[in-house]
*Asks:* 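Input: one structure, supplied below.
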There are 2 protein chains.
Amino acid sequence: MDSRGKRATLQTVADAVGVSRTTVSNAYGRPDQLNKDLRERIFEAARRLGYSGPDATARSLRRGRAGAIGLVFTETLSYAFADPYSVGFLRGVAEVAEASGTGLLLIPMPPAGGGDSETAVRNAVVDGFCLYCVPKGHPAKELIRARGLPLVTTDESDDPSIPYVGIDERASARLAGEHIARLGHRRVAVMVDHVVGPGVSGPASLDEQLASDCADLRGRLAGYRDALEEAGVDWSSVRVVAAGRNSRSASASAAAHFLDVAERPTAVLAIGDVLALGVLDACEQRGLAVGRDISVAGFDDVPEAGRARLTTVRQPMGEKGRLAGRLLLEPPEEEKVPRIKLPTELVVRATTGPAPH
Amino acid sequence: MDSRGKRATLQTVADAVGVSRTTVSNAYGRPDQLNKDLRERIFEAARRLGYSGPDATARSLRRGRAGAIGLVFTETLSYAFADPYSVGFLRGVAEVAEASGTGLLLIPMPPAGGGDSETAVRNAVVDGFCLYCVPKGHPAKELIRARGLPLVTTDESDDPSIPYVGIDERASARLAGEHIARLGHRRVAVMVDHVVGPGVSGPASLDEQLASDCADLRGRLAGYRDALEEAGVDWSSVRVVAAGRNSRSASASAAAHFLDVAERPTAVLAIGDVLALGVLDACEQRGLAVGRDISVAGFDDVPEAGRARLTTVRQPMGEKGRLAGRLLLEPPEEEKVPRIKLPTELVVRATTGPAPH
DNA sequence: TTGAAAGCGATACCAC
DNA sequence: GTGGTATCGCTTTCAA
């Protein structure tokens, strides 16, 4: 246990036992390459010398394998844990990763222009990357590609050469829109997290909606629009409000933008359940009977949505994660870049009902 | 972009530009060490050759820094994302980590005896470890220590030489116990996740309770016991039931063990909010008026607890995480091993009330 | 079985 | 500014 002096290395142990480094290395990595006795002696010497086994970094370098996959988010890392949808996805990835003894490296990545987004990506010791909520032109995206490691994204990618696993955002959102239209709603509001940039809340103009750099957001808005316009609703009459961030409370506050005005909408479409739950809170505060006075639909079907009896569009987040993980762990040999769209489904519960007269 | 041939290295680029490796290295790592022109030329050559910057692993090896900290759980990795308490803690760690551009490596670690728990720890390229829910004698624990990296645990450690940040489990649980006793409850049940091992549900004997290898569980049980015995309740009359795992639905099922019997308890103490919420579900199913017919108290004060009006003991999970992260990122120089206990607080809401007659 | 030698890809130090 | 040189700690042929 000599905690003093230079840290013990493989060599130190080899010398102490009187064998070569190869043998010590084998003692750890290939037990079948030497006899049990010797192996024991080596371990004992190691213990005595305070050597805890081959250095992880050196081993990675030599082997060319990191034993971890990187998860890249644009949202702050802590956000990744805050949203139940996100958590569901991560669980999926985690499941397949842990099955193969692979670690998950969460890589913080400030939004474009917001500090150093490259260092963490550069220094990530991983065997592959999973991109998640990384907007179109993000500078780090190119860097990640350049690293030449297996890569998969869950964002509708601008680049068809990147493997993708996700859902048909547009068609899925359309399900919710059609449901609302079918119930007779014509005055509709939409709640989004943010269009122009994080933190900015309030109504969003049409231009802003189209300019959003988040493909899934654009896709969902398009889906709502498809459905509503088909039902004869003028999209410019639809109030699109940004909560500023994807949080229940932010959404509850932002809901004032359409709840506290003269011509209150009879239905609200939220592009995520967390936002929808916030709208529910806001309605409750104002004594509105959800499902009668006003209808609310979400997206994702997070666990909480079920409890709140929220009508929503279910997407298989866990499955998405597992698939993404698998794609990274065992990259398919084929030429064709995998582009997988998982099925979604409208789940009608108690928060939507016929439009009040 | 020559995707064919050997992967480009620093050397390749140096040769192409006609400079030494040092210069190329500096171009990436120390921009002030060479003139802008040359730097541009180097980058251009790099781009042309498909070189995306210094290899992360090699750089880590040479620099002796990994740029990540390891989070070690015994529960399956996916569990880490499932429990809101756990998520709160992780968010805390993530906050401080991302502030310094450090990644978080989630390390899967099967419970003792359940597969290979050492490989992942061995191969983890990190600058320090944070242990979380790792039971007393876990084999990997020793290995982690042996790696000689900064280390912090949130489990009441058997080993006072490991930095610790947590709460006084026993005193905190006692708060809940006293609250229940004060309300006049004498027939009490306790819901735990698992004592003997994961997956095993049902009543737990006294011996099993004491034998649990999870220090926080033991601490909380001791706290409940302190309070109840002080109020004259015989601990052996307290039905301790294991849900088998820390999940809302498992708890709801296991609640049958005390809910569907002759002498139903008038109060239930759950060692975590997730379990408490499950008990709430079970009560609702049976048409019991929580807070009147039966009282339920949890532990943690996760976000969901507030919404459910659950009486619970609040612990500062985010703060715990931030502190742990900081301890790892800037290990204190002092001799003294930091052992921090954060304050907790009883939060009385609507799920507890006077014992029915 | 065991050992010697050749890297894995990069960075730090030190003269020039 | 720049370019050698040593080294980081290990794994892997390949021959003995």
Side-chain angles (χ1 to χ4, degrees), chain A residues 5-42 45-46 49-67 119 122-127 146-149, chain B residues 5-42 45-46 49-67 119 122-127 146-149:
Chain A
K6 286 192 59 161
R7 206 166 159 52
T9 85
L10 217 164
Q11 182 73 259
T12 324
V13 179
D15 291 349
V17 182
V19 296
S20 80
R21 318 204 292 237
T22 310
T23 309
V24 179
S25 176
N26 283 337
Y28 286 96
R30 309 183 150 184
D32 51 319
Q33 297 295 299
L34 71 173
N35 73 52
K36 244 179 142 41
D37 257 21
L38 180 52
R39 182 152 185 259
E40 244 349 293
R41 258 170 56 220
I42 290 178
L49 295 164
Y51 178 73
S52 56
D55 176 89
T57 313
R59 168 176 265 192
S60 281
L61 175 59
R62 188 59 242 237
R63 285 195 174 160
R65 233 190 123 272
T119 307
R122 273 238 152 71
N123 292 334
V125 178
V126 296
D127 298 317
R147 283 201 50 180
L149 295 170
Chain B
K6 285 192 61 162
R7 204 167 159 51
T9 88
L10 218 163
Q11 182 74 259
T12 324
V13 180
D15 292 348
V17 183
V19 296
S20 80
R21 316 205 292 237
T22 311
T23 307
V24 179
S25 176
N26 284 337
Y28 287 95
R30 310 181 149 184
D32 51 319
Q33 298 295 298
L34 72 173
N35 73 54
K36 245 175 143 36
D37 258 22
L38 179 53
R39 184 152 184 259
E40 243 351 293
R41 258 171 57 222
I42 292 178
L49 295 163
Y51 177 73
S52 58
D55 177 87
T57 313
R59 170 177 262 192
S60 280
L61 175 60
R62 189 57 246 235
R63 301 222 279 212
R65 233 190 122 271
T119 307
R122 273 237 154 73
N123 292 334
V125 178
V126 296
D127 298 317
R147 282 201 51 180
L149 295 170

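Keep in mind that this is a model prediction, so the values were computed, not measured. Residue numbering restarts at 1 for every chain, and letters A, B, ... go by the order of the sequence lines.
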*Asks:* Indicate whether OP1 or OP2 belonging to D:dT11 is found under 4.0 Å from a side-chain N or O atom of A:R59.
*Replies:*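 Looking at the OP1 and OP2 atoms of D:dT11, one of them is under 4.0 Å from a side-chain N or O of A:R59.
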*Asks:* Does the side chain of B:T22 get closer than 4.0 angstrom to OP1 or OP2 of D:dG4 through an N or O atom?
*Replies:* no
*Asks:* Please check this pair: side chain of A:N26 against backbone of A:Q33, looking for a donor-acceptor N/O pair closer than 3.5 Å.
*Replies:*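 Side chain of A:N26 to backbone of A:Q33, a donor-acceptor pair under 3.5 Å: no, none is there.
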*Asks:* Mind calculating the distance between CZ (A:R65) and P (D:dT11) to the nearest angstrom?
*Replies:*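 These atoms are roughly 13 Å apart.
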*Asks:* Atom CZ of A:R21 to atom P of C:dA5: distance rounded to whole Å?
*Replies:*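 One finds 10 Å between P of C:dA5 and CZ of A:R21, rounded.
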*Asks:* Round to a whole Å and report the spacing from CG of B:L10 to C1' of D:dT7.
*Replies:* 16 Å
*Asks:* Mind calculating the distance between CD (A:Q11) and C1' (C:dA4) to the nearest angstrom?
*Replies:*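 So the CD-C1' distance, A:Q11 to C:dA4, works out to 12 Å.
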*Asks:* Quick one, which residues of residues 23-35 of chain B touch DNA chain C with a heavy atom under 4.0 Å?
*Replies:* B:S25, B:R30
*Asks:* Starting the side chain at C-beta, find the nucleotide from C:dA10, D:dT12, D:dG9 nearest to B:Y51.
*Replies:*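 Of the options given, the side chain of B:Y51 lies nearest C:dA10.
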*Asks:* Evaluate the side-chain contact (heavy atoms from CB on, under 4.5 Å) criterion for residues A:D37 and A:R41: first the C-alpha distance (whole Å), next the side-chain angles of each, then the deciding distance (0.1 Å), finally the verdict.
*Replies:* CA-CA 6 Å; A:D37 257 21; A:R41 258 170 56 220; 5.8 Å; no
*Asks:* To the nearest 0.5 Å, what is the distance between OG on A:S52 and CZ on A:R7?
*Replies:* 5.0 Å
*Asks:* Rounded to the nearest Å, what distance is computed from the CG atom of residue A:L61 to the P atom of nucleotide C:dA6?
*Replies:* 18 Å
*Asks:* Which pair of non-hydrogen atoms, one from A:R21 and one from A:L10, has the smallest distance, and what is that distance?
*Replies:* O-CD2, 3.3 Å
*Asks:* Could you work out which one of C:dG9, C:dG7, C:dT11 sits closest to the side chain of B:P54?
*Replies:*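 Selected nucleotide: C:dT11.
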*Asks:* Taking only residues at least two apart or on different chains, which pairs with a member in residues 54-66 of chain A satisfy side-chain hydrogen bond (donor to acceptor under 3.5 Å, both in side chains)?
*Replies:* A:R59-B:N123
*Asks:* If I compare all heavy atoms of B:T12 with all of B:L49, which pair ends up nearest, and what's the gap?
*Replies:*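 Closest approach of B:T12 to B:L49, heavy atoms only: O-CD1, 4.1 Å.
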*Asks:* Can you check whether A:A124's main-chain N or O pairs, donor with acceptor, with A:R147's side chain at less than 3.5 Å?
*Replies:*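 Between the backbone of A:A124 and the side chain of A:R147 there is a qualifying donor-acceptor contact (under 3.5 Å).
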*Asks:* Rounded to whole Å, please give me the gap between CG in A:D55 and P in C:dC8.
*Replies:* 19 Å
*Asks:* May I have the distance from B:K36 (atom NZ) to D:dG1 (atom P), rounded to whole angstrom?
*Replies:*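 In whole Å, D:dG1 P and B:K36 NZ are 12 Å from each other.
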*Asks:* Where the side chain of B:S20 is concerned, which of D:dG4, C:dA10, D:dC10 is the nearest nucleotide?
*Replies:* D:dG4
*Asks:* Side chain of B:R62: nearest nucleotide among C:dG3, C:dG9, D:dT2?
*Replies:* C:dG9
*Asks:* Let me know the distance between CG of B:D15 and P of C:dG9, rounded to the nearest Å.
*Replies:* 14 Å
